[in-house]
Amino acid sequence: MSCSSSKQQVATANLKINNPVIKDKYTGDPAALVYKDSVYLYAGHDVAPNDFNFYKMEEWLVYSSADLIHWKEHPVPLKTTDFKWAKGDAWAAQVIERNGKFYWYVTVSHATIPGKAIGIAVSDSPTGPFKDALGKALITNDMTKQVGIDWDDIDPTVFVDDDGQAYLYWGNQVCKYIKLKENMLEADGPINVVNLPNFTEAPWLHKHNDWYYLSYAYEFPEKIAYAMSKSPAGPWEYKGILNELAGNSNTNHQAIIDFKGKSYFIYHNGAIQPHGGSFRRSVCIDRLYYNPDGTMKRVVMTTEGIQE
Ligand code: FUB
């Protein structure tokens, strides 16, 4: 079903209420891709019943926009059942473009290796359809031993540096990264650990001007904090809190982009009432501002969101 701008926007006296950006479905774990003149917004589809207090997610959704206000929903591009080796849980994910192909790094539960795992889907279009690129997981729980939980291999974020080297960061409780080969499908070297204060999950790696930024969910319930570096491999210098508690959702999961000369902070909260909350989440977008020294100003979460 398509969401037209007229359905999505609610007029107030002077400003339109544009947050959450998707009002007819629950959407969590936003990731955004800037490609040509559009932003593609990818999110997990929260379908937990109102009396069910955990994640219920079996597919991801994709929306596109040329202005971050008017969004078009596309057909469902990817489901957990598209990974034959997985057994559900469409948790956090990110899409990146390389050489005209679109690679989608996803979290799912592995069917035979206990725990969460990271898989890769690929498409010729940012809106899909996507198909399993490997026929197996890239990362499984038995590859990482830093903590004794089975959900520590979640929330992939992927980034291709100016020199062509690709990086995949991920983790829960412990942040880890690998370099990826140019085919985007294989690790190029060992798994490395990054020490970040109060790291919970949801790393997002981005570059702005000549700085690299590693933002992440901090403590639980989650705020968003960040670190900066002159290299996508670190060392990372912790810079503090970027976004406060959402309040109505114990997770906040951010994506950060530059688009048409402005910077944006994309996140989720539990704003849709009466049943929205930690397991029925909604993607929101607000402006992000940098200081002259490259640090980021604290985000102001708004109801109005992005205006014309
Ligand atoms: O959506 C399931 C999990 O909740 C994600 O993987 C985490 O980042 C948190 O948002």
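Indexing begins at 1, ligand by ligand and atom by atom, following the structure's order.
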Quiz prompt | CG (D37) with more than 12 external heavy atoms under 6.0 Å | solution =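 Atom CG in D37 is not crowded, with 12 or fewer foreign heavy atoms closer than 6.0 Å.
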
Quiz item: Does NZ in K36 sit with more than 12 non-hydrogen atoms of other residues, nucleotides or ligands closer than 6.0 Å?
Solution: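 Atom NZ in K36 is not packed in, count stays at 12 or less.
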
Atom indices of ligand 1, in the order listed, that fall short of 4.0 Å to a heavy atom of [X]:
| X | answer |
| --- | --- |
| H268 | 10 (O) |
| M57 | 1 (O) |
| R281 | 1 (O), 2 (C), 4 (O), 9 (C), 10 (O) |
| A92 | 6 (O) |

Practice problem: Verify the cluster assignment for V95 and L78: are they in a single hydrophobic cluster under the rule of side-chain heavy atoms below 4.5 Å apart? | Solution: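 They do share one cluster, since a chain of ILVMFWY contacts under 4.5 Å joins V95 to L78.
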
Quiz item: Does the separation of the ring centres of Y216 and W204 fall below 6.0 angstrom?
Solution: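 When the ring centroids of Y216 and W204 are compared, they turn out to be at least 6.0 Å apart.
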
[atom]: which protein heavy atom is closest, and how many Å away?
| atom | result |
| --- | --- |
| atom 9 (C) of ligand 1 | E201 OE2, 3.3 Å |
| atom 6 (O) of ligand 1 | D155 OD1, 2.6 Å |
| atom 10 (O) of ligand 1 | D29 OD1, 2.6 Å |

Quiz prompt | Test item, E222 contacting ligand 1 (heavy atom, 4.0 angstrom) | solution =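 Outside the 4.0 Å threshold, so no.
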
Exercise. Fit a plane to each ring of H268 and H253, take the angle between them on a 0 to 90° scale, and name the class: parallel (under 30°), tilted (30 to 60°) or perpendicular (over 60°).
Key: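 H268 vs H253 ring planes: tilted.
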
Quiz item: Any sub-3.5 Å donor-acceptor pair from D132's side-chain atoms to G135's backbone N or O?
Solution: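 Present.
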
